[in-house]
Amino acid sequence: MLDIRRIRSEPEAVKAALARRGIETSDVDRVAELDERQRRLASERDDLRARIKGLSKQVGMLHKEGKADEAAAVQAESRDLGEQEQALAAEAAGIATEVRDLLLRIPNTPHPDAPDGAGEAENPVVRVVGFDPDGYGEHQRIPHWELGPRYGILDNERAVKISGAMFTMQRKGGATLARALLQYAIDRNADDFEEVRPPTLVTSETLTATGQLPKFADDAYWVERDDLWCIPTAEVPLTSIHRDEILDTAELPLRFMAATSCYRREAGSAGRDTRGMLRTHEFDKVEIFQYATPEQAPEELDAMVARAEAGIRDLGLAYRVIEICTGDMGQSHHRTFDIEVYAPGTDQWLEVSSVSWFGDYQSRRGNIRYRPGGGGTAMVHTLNGSALAVPRVWAAIVETYHRADGGIDVPEALLPYFRGKTRIA
RNA sequence: GGAGCGGUGGCAGAGCGGACGAAUGCACCGGUCUUGAAAACCGGCGACCCGCAAGGGUCCGAGGGUUCGAAUCCCUCCCGCUCCGCCA
């Protein structure tokens with residue numbers, strides 16, 4: 001959520017920033033106009049309320065002095081004002097709600113350094129690491145959706161029987177691999193991030209704080225009977241850990257990580273990437289997250305990208321880092337870097353991590369504050385990123401580590417999690 | 001799910017229709033004293049909105065209602081605790 005004061009004081013700058021996303025910005029004007037009206041009404045209401053308070057005190061005093069008829073006259077006057085006051089209050093409250101509803105739907109402004117672009121195709125590649133297009137053998141050019149069934153480590157036919165399209169099931173070494181990747185990602189970030197096992201069913205308030213609601217309700221699974229939502233990412237519960245709290249500035253940055261299942265309806269992409277593990281309704285991911293001061297945020301963003309990157313690199317996979325351009329950014333994002341792993345069998349760069357700085361967009365929604373020096377409170381900044389999202393890394397490993405003579409090796413970094421085995425299959 | 005009790009400032013906790021944004025204690029900040037610290041004493045100390053300011057307003061779990069006036073009374077909901085029921 002953008003700061004209403006910023007919209008008041010520099011509406012044109014806000015609109016210019018939003019326009020870089022290629023979106024229509026008339027809502028900003030609408031908000032400014034409604035806000036102005038709301039404040040005027042609220043101010044009139046405040047004056048009335050102050051008069052009523054004064055009159056009420058008089059009534060109390062007059063009663064004590066035994067002047068009952070004078071008191072009755074004042075009461076009558078106050079009652080009239082009360083009716084006016086209620087009408088004004090109702091109107092102001094209605095407009096305030098309207099302003100908030102609009103604000104919740106206006107996306108974050110991109111960071112000045114975020115690259116301009118109309119969409120995905122214009123995301124600049126920041127660096128490519130470990131990639132040699134000619135460095136792969138024929139045996140590595142087989143997609144994981146063929147290798148998986150061949151070695152009995154991926155059984156999507158039965159997953160579909162159990163849960164329907166776009167659900168997957170790993171078995172044997174494939175299941176071990178999926179779990180090992182989570183453990184691996186947790187272990188290598190445990191130096192700086194507190195491990196959390198958060199709830200994965202959350203309330204609407206929680207899903208609103210991070211930005212999925214109200215605009216993207218169709219993308220999430222909803223448990224209607226209890227009005228709870230399945231999290232699309234651990235970002236959601238982690239961000240709300242300190243919702244409606246004022247954080248101790250000395251403790252910032254405050255870092256958390258969690259391995260959870262993530263649930264996505266993929267409503268807009270039915271029929272796309274339906275094979276294998278490229279796009280699934282349910283998958284596991286280790287998320288790293290932090291609350292930081294605005295001063296700390298830029299370097300923490302770089303540090304989180306470096307962590308996510310190192311996790312992929314140390315698995316022996318080729319990857320590239322891209323920066324997300326203004327036209328491709330998520331609603332809540334201020335600045336974002338993605339890491340894409342190279343999967344030789346499918347011959348694709350697969351997004352396996354997205355690391356973002358949200359500014360105070362989420363913390364304003366969630367009312368998460370700290371006390372900067374010099375008094376008062378301010379919104380903290382939030383940052384998060386996938387340390388490792390399992391399915392696509394799984395796919396890249398299975399394809400990359402397929403041996404010419406058959407079988408799939410365990411990447412060296414994962415050996416500690418394979419109970420002495422050196423083969424996934 | 002049923003019954004009972006409860007939700008007040010960073011924490012504990014009083015207030016139960018009128019001058020209450022709210023006693024008191026702890027914590028915290030500043031000062032006096034001290035070589036320094038502790039103790040003691042003095043002072044300060046919630047968040048938010050509008051306003052250049054003076055000042056005004058909102059907030060006692062949330063939302064409605066009663067009243068001239070609600071932290072205080074009534075209703076609904078949410079959360080917590082205790083007991084019962086059910087149950088990995």
Side-chain angles (χ1 to χ4, degrees), chain A residues 1-9 31-104 197-209 213 223-229 237 240-252 254 261 291 360 363-380:
Chain A
M1 191 157 72
L2 297 181
D3 188 350
I4 184 71
R5 283 169 293 197
R6 194 172 148 213
I7 293 179
R8 263 177 223 150
S9 62
V31 163
E33 180 193 318
L34 286 170
D35 172 59
E36 164 96 45
R37 265 174 64 196
Q38 192 275 130
R39 282 190 297 153
R40 209 172 45 234
L41 287 168
S43 161
E44 285 176 39
R45 183 215 53 198
D46 284 357
D47 289 346
L48 275 175
R49 204 165 271 177
R51 285 170 65 190
I52 291 170
K53 274 193 162 185
L55 291 172
S56 294
K57 284 184 184 177
Q58 281 185 39
V59 173
M61 283 189 292
L62 290 169
H63 273 303
K64 270 186 191 146
E65 292 164 14
K67 299 173 180 167
D69 23 327
E70 281 181 50
V74 179
Q75 275 182 34
E77 187 184 352
S78 179
R79 198 181 300 125
D80 288 346
L81 290 179
E83 281 164 26
Q84 291 177 45
E85 188 262 355
Q86 281 206 342
L88 276 174
E91 195 180 348
I95 295 173
T97 302
E98 210 177 325
V99 167
R100 184 177 164 80
D101 288 349
L102 279 168
L103 279 176
L104 284 176
R197 204 350 287 226
T200 55
L201 292 178
V202 300
T203 63
S204 298
E205 291 72 28
T206 298
L207 205 61
T208 301
L213 290 181
V223 183
E224 182 172 9
R225 183 197 293 249
D226 297 293
D227 192 18
L228 289 169
W229 302 80
S240 275
I241 287 178
H242 289 295
R243 183 148 51 81
D244 293 317
E245 293 181 29
I246 300 175
L247 300 175
D248 182 350
T249 307
E251 284 179 12
L252 297 173
L254 199 51
S261 293
Y291 301 107
D360 59 11
S363 59
R364 182 165 289 106
R365 288 168 161 257
N367 191 30
I368 310 162
R369 292 170 291 172
Y370 74 110
R371 298 180 195 279
T377 57
M379 297 298 168
V380 298

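Every chain is numbered from 1 and lettered A, B, ... according to where its sequence line falls, protein lines coming before strand lines.
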Salt bridge or not between Arg51(A) and Asp47(A)? Use side-chain N to carboxylate O under 4.0 Å. no

Run through Asn367(A), Thr208(A), Asp360(A), Leu103(A) and flag the one making a side-chain contact (heavy atoms from CB on, under 4.5 Å) with Met1(A). Leu103(A)

Less than 4.5 Å apart, side chain to side chain, heavy atoms only: is that true for Glu91(A) and Arg45(A)? no

Pick the nucleotide of RNA chain B nearest each of Ser43(A) and Met61(A); which residue has the one closer to the 5' end? Met61(A)

Under 3.5 Å, side chain of Ser363(A) to main-chain N/O of Met379(A), donor-acceptor pair present? no

Take atom P in G65(B) and the same atom in A12(B), then report the distance between them in whole Å. 32 Å

Is the phosphate of U58(B) approached by Arg39(A) (side-chain N or O, under 4.0 Å from OP1 or OP2)? no

Can you tell me how far C1' in C11(B) sits from the matching atom in G1(B), rounded to whole Å? 34 Å

Think Lys57(A) has a side-chain N or O under 4.0 angstrom from the OP1 or OP2 of C20(B)? no

Protein-nucleotide distance (Arg364(A), atom CZ; C49(B), atom P), rounded to Å: 10 Å

Over 12 foreign heavy atoms within 6.0 Å of CZ, Arg197(A): yes

Please state the C1' separation for the pair G30(B) and A22(B) - nearest whole angstrom. 25 Å

Nucleotide nearest Arg5(A) (side chain, heavy atoms from C-beta), chosen from G69(B), C49(B), G57(B): C49(B)

A53(B) and A38(B): how far apart are their P atoms, nearest whole angstrom? 38 Å

May I have the distance from Arg369(A) (atom CZ) to G46(B) (atom P), rounded to whole angstrom? 14 Å

Nearest to the side chain of Ala50(A) - C68(B), C50(B), G56(B)? G56(B)

A side-chain contact here means heavy atoms from C-beta on lying under 4.5 Å apart; do Trp229(A) and Thr206(A) qualify? no

How far does the P atom of U67(B) sit from the matching atom of C29(B), given to the nearest Å? 49 Å

Just the rounded figure in Å: distance from P of G69(B) to CG of Leu48(A). 13 Å

For RNA chain B, whose closest nucleotide is more 5', that of Val59(A) or that of Ala42(A)? Ala42(A)

Using a cut-off of strictly less than 4.0 Å between a heavy atom of the residue and any atom of RNA chain B, enumerate the qualifying residues of residues 74-88 of chain A by number. Gln75(A), Ser78(A), Arg79(A)

Quick one: list whatever passes side-chain hydrogen bond (donor to acceptor under 3.5 Å, both in side chains) with Lys57(A), sequence neighbours left out. none

To the nearest angstrom, the CD-P distance between Gln38(A) and C49(B) comes to 12 Å

Minimum-distance nucleotide (side-chain atoms of Asp47(A) versus U58(B), G56(B), A19(B)): G56(B)

Quick check for you: among G21(B), C48(B), A47(B), whose closest atom lies nearest to any side-chain atom of Thr377(A)? C48(B)

Are the side chains of His242(A) and Leu254(A) in contact, using a 4.5 Å heavy-atom criterion? yes

Taking the C1' atom in each of A47(B) and U8(B), what is the distance between them to the nearest angstrom? 14 Å

note: Asp226(A), atom CG; C77(B), atom C1'; distance rounded to Å ~ 16 Å

Interatomic distance at C1', U72(B) relative to G61(B), whole Å: 16 Å

Please state how far atom CG in Asn367(A) lies from atom P in G46(B), giving the value in whole angstrom units. 18 Å

Gap in Å between the two C1' atoms, one belonging to A70(B) and one to A3(B), rounded: 29 Å

